[in-house]
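One structure below.
Treat the numbers as computed from the prediction; the structure is a model and nothing was measured.
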Amino acid sequence: MNSLEPRPTAGGKRSRLFVYNGGFLTQRRLRRILTLAGYDIRLGLPGPQDLVGIWGNSPTAHRGRAMASRQDSGLLRIEDAFVRSLHPGRAGEPPMGLLLDRRAMHFDPSQPSDLEELLASGPLDDTVLLSRARDAITRLRAHHLSKYNAFDPAAAVPDPGYVLVIDQTRGDASVTASGGDRARFREMLYYAREENPGARILIKTHPETAQGFRQGYFQEQDAEGPVEFFADAVSPWALLDGAVAVYTVSSQLGFEAILAGHRPRLFGQPFYAGWGLTEDEFPITRRQRRLTRAQLVAAALLLYPVWYDPFRDRLCDFETAMDMIEAQARAWREDHQGWSAAGMRLWKRGPLQRFYGQHKKIQFSEEPAGSARRKMVWASKAGPQHDGAVRVEDGFLRSRGLGAALVPPLSLVADSSGIYYDPRQPSDLEGWIAKRAVLSQTEEHRADALIRQLTDSGLSKYNLGEAAPALPKGHLILVPGQVEDDASILTGAGEVNTNLALLQAARGANPDAVIIYKPHPDVEAGLREGAADARGLADVVASGTSPAALLAEVDEVWTMTSLMGFEALLRGVKVTTLGAPFYAGWGLTTDLGDVPARRQAQVTLAGLAHAVLIDYPRYLDPVTGQPCPVEVVADRLAGGHIPRPSAANRAMSKLQGLFATYAYLWR
């Protein structure tokens, strides 16, 4: 059964699910996923057509089993999905998905579960499904995603060449279901030493043991000779890459070892045992089917779990759930050490704190940061004293309203190499664009879907303006004005660096075209420099018009470095650049400016969109205040679910406009 299918009863009604564990009632996420999956949670006595829900082999599960047996009701066995969350459940964080099984516990080899049936006889040969599964393996490894994800992928792991022996938590249900105990773990360690003479052996401590939640099976006296404990919070993928052999009883890390290319030695009978991908000390004779890694993943991650999208409050597929976990993991990994921020205006500090200060508050200071904190600086304020600091700027899908009007952003970029608008040196964005010259099927589909979402919704950076005016017939060329003292002009515009010069160049090269000039909204609002007299050069001055509305009408865009050039590409509009914007030089634009020679990769539009909108920025959901993927922000903008700026911000915006007006009059 696909994870997106509800589990109704034979008559099409919702299944009544009776529970005897308070967690099913008090844990909102758990209750909501079950409801969306087709279950009506109840208290009381079930009937023969009802189900009783139990949480794995928890201490309260016996109540549900006894009640189901007495009332002749079915059992629904519920557990966390294999990619769960940022922190362990005992830390209080809800799961991103659940495993719902009507046959048996997936970790209990005494009888087949729904997962085992799927692995044994399910249709796991579909080309699209297996392609998704292979992409899932690549994605898990590339983004260092596991069951729990609060670790730094760059954290050091031991020098390669070790044997990895995996500890588990004392009394873990998957261990006891396989008949495991401390003696079994000591036996496993004995075989690891005997089968790998002279090798260094690492006992990997379980994260819940390392965090003090539960004890493991191994004890201090087990670490002797070449054996040592390793409890650091590191990427399991990095740890597996350095291992020459992997030993486990039933840990999920054994499943991940298979995906990393190992053939783990098993001393238990977990769900991934018996399919030809492991060395089994205790074979399960009924499991005879030989599977590939992709087939194992297709069943265990794509088909079996029920995945949840907390931002849209609906069930979703594996890929969408991973979008959410990636956003959460990225925020924690970048922010947990804390930031020291310089060059940040007062009004920006609140939004920055919400973006980068959820795990440890940002320290705003112009003084050098302490060694434990990372440094950031607003990109346009960066100077020699900020050497080594990450440069921060607004993202490309920013808000509904102007930054100059103090409307807080929904996306920000933090670049450790340079900054996207400055072509004088490489940036992280350039690296992402070059990397996305090749996309997986999942990445391509996601980028294409995002392009459709943005263009169908008419979204742009600021999402302001009215419908396009009636335009003359002919070859329509849009010339977007820019703020002339903007950093992208000062660093990347070249010889043509004013709006007037841009208009003259466009008219000179296209004497018979219909030129439409759109002043920049910050300039129109009187907040920034860049007013230009377009008389005699432009046929239409589209003041106050939505960029998306104009791009839907025109045939071509001429620009220095405007983001509207990128937005035009998304809509299939031809773009000519006279500067060196981040989207120039990749084979998608006609470039008349001096584009850096290092931009050699030939990138598709999907690859460019993936790098610019998915990989590079970070996004914050304005409704929940949580890190989120780009698609959530696009939904919020399209649906108008954007909180209004605070009264203080609106007042500061008016003062800023007043000061800008006086500065213009008295210059």
Side-chain angles (χ1 to χ4, degrees), residues 81-86 96-97 129-162 164 166 202 204 207 230 232-246 248 251-264 270-272 275 277-278 291-305 307 317-334 431-432 434-447 607 610-611 614-615 629:
F82 298 122
V83 184
R84 186 193 187 280
S85 53
L86 190 61
M96 198 64 71
L129 178 67
L130 293 180
S131 179
R132 287 178 60 205
R134 285 188 285 270
D135 283 352
I137 296 171
T138 301
R139 183 175 189 177
L140 290 169
R141 298 192 67 177
H143 293 275
H144 296 270
L145 298 179
S146 184
K147 185 170 186 177
Y148 311 122
N149 296 282
F151 55 80
D152 183 355
V157 296
D159 293 336
Y162 46 82
L164 192 62
I166 303 167
L202 294 183
K204 178 62 179 77
F230 185 77
D232 293 0
V234 300
S235 166
W237 302 101
L239 195 63
L240 289 166
D241 283 345
V244 296
V246 177
T248 185
S251 170
Q252 184 176 314
L253 194 52
F255 170 60
E256 292 165 348
I258 295 172
L259 309 191
H262 288 282
R263 190 178 178 86
F271 74 89
Y272 52 85
W275 311 108
L277 298 167
T278 55
L291 298 175
T292 65
R293 291 188 302 155
Q295 288 174 317
L296 180 65
V297 167
L301 296 181
L302 304 186
L303 298 179
Y304 182 52
W307 298 106
D317 57 20
F318 169 81
E319 290 84 356
T320 302
M322 292 309 98
D323 295 345
M324 315 297 167
I325 290 181
E326 280 177 19
Q328 292 177 352
R330 177 180 178 181
W332 185 91
R333 292 166 182 177
E334 292 180 357
W432 277 116
K435 182 178 180 180
R436 295 307 182 194
V438 177
L439 294 175
S440 69
Q441 174 183 284
T442 299
E443 290 164 345
E444 184 172 7
H445 287 173
R446 184 181 181 189
H610 201 291
I614 298 173
D615 298 312

For Pro158, the side-chain contact (heavy atoms from CB on, under 4.5 Å) test, sequence neighbours excluded, returns Tyr162, Arg200, Leu202, Phe230, Leu239
Non-hydrogen atoms of Ser440 and Asp135 that approach each other most closely: CB-OD1, 3.3 Å
Nearest non-hydrogen partners of Ala156 and Val234, listed with the distance: O-CG1, 3.5 Å
Parallel, tilted or perpendicular: which one describes the rings of Phe271 and Phe82, with boundaries at 30° and 60°? parallel
Looking only at heavy atoms, the pair that brings Val157 and Ala238 closest together is CG1-CB, 4.0 Å
Below 4.5 Å, heavy atoms only, C-beta onward: do His610 and Asp615 meet side chain to side chain? yes
Quick one: salt bridge (charged side-chain N to carboxylate O under 4.0 Å, His left out) partners of Arg141, sequence neighbours excluded? Asp241
A side-chain contact here means heavy atoms from C-beta on lying under 4.5 Å apart; do Leu253 and Thr248 qualify? no
Ring pair (Phe, Tyr, Trp, His ring centres under 6.0 Å) filter on Phe151, not counting sequence neighbours, yields none
Trp432 and Ile614, any side-chain heavy atoms less than 4.5 Å apart: no
Could you check whether Thr320 and Asp317, counting side-chain N and O atoms only, form a donor-acceptor pair closer than 3.5 Å? yes
Looking only at heavy atoms, which two atoms of Pro629 and Ala327 are closest? And how far apart? N-CB, 4.0 Å
Would Arg446 and Asp323 pass as an ion pair if we require N to O under 4.0 Å? yes
Validation row: His143, Met322 side chains within 4.5 angstrom (heavy atoms): no
Arg132 to Phe318 - nearest heavy-atom pair and separation: NH2-N, 4.5 Å
Rounded to the nearest 0.5 Å, the CD atom of Glu319 sits from the CG atom of Leu302 at a distance of 6.0 Å
If I take atom CD from residue Gln252 and atom OG from residue Ser146, how far apart are they, to the nearest 0.5 angstrom? 5.5 Å
Quick one: side chain to side chain donor-acceptor pair (under 3.5 Å) partners of His144, sequence neighbours excluded? Ser235
Value rounded to 0.5 Å, distance of CZ in Arg84 from OH in Tyr148: 6.0 Å
Who pairs with Ala329 by side-chain contact (heavy atoms from CB on, under 4.5 Å), at least two apart in sequence or on another chain? Leu86, Leu145, Asn149, Arg333
Heavy-atom pair with the smallest gap, counting every atom of Thr442 and Arg139: CG2-NH1, 4.4 Å
One should read off an interatomic distance between Leu277 CG and His262 NE2, to the nearest 0.5 angstrom, of 13.5 Å
Within the structure provided, determine whether Val297 and Leu140 are in side-chain contact (heavy-atom separation under 4.5 Å). no
I'd like to know if the side chain of Arg293 reaches the main chain of Leu259, judged simply by a donor and an acceptor atom lying under 3.5 Å from each other, with no hydrogens or angles considered. yes
Distance, nearest 0.5 Å, that separates CG of Leu240 from CD1 of Ile258: 11.0 Å
Pairing residues for Tyr272 by the ring pair (Phe, Tyr, Trp, His ring centres under 6.0 Å) criterion, not counting sequence neighbours: none
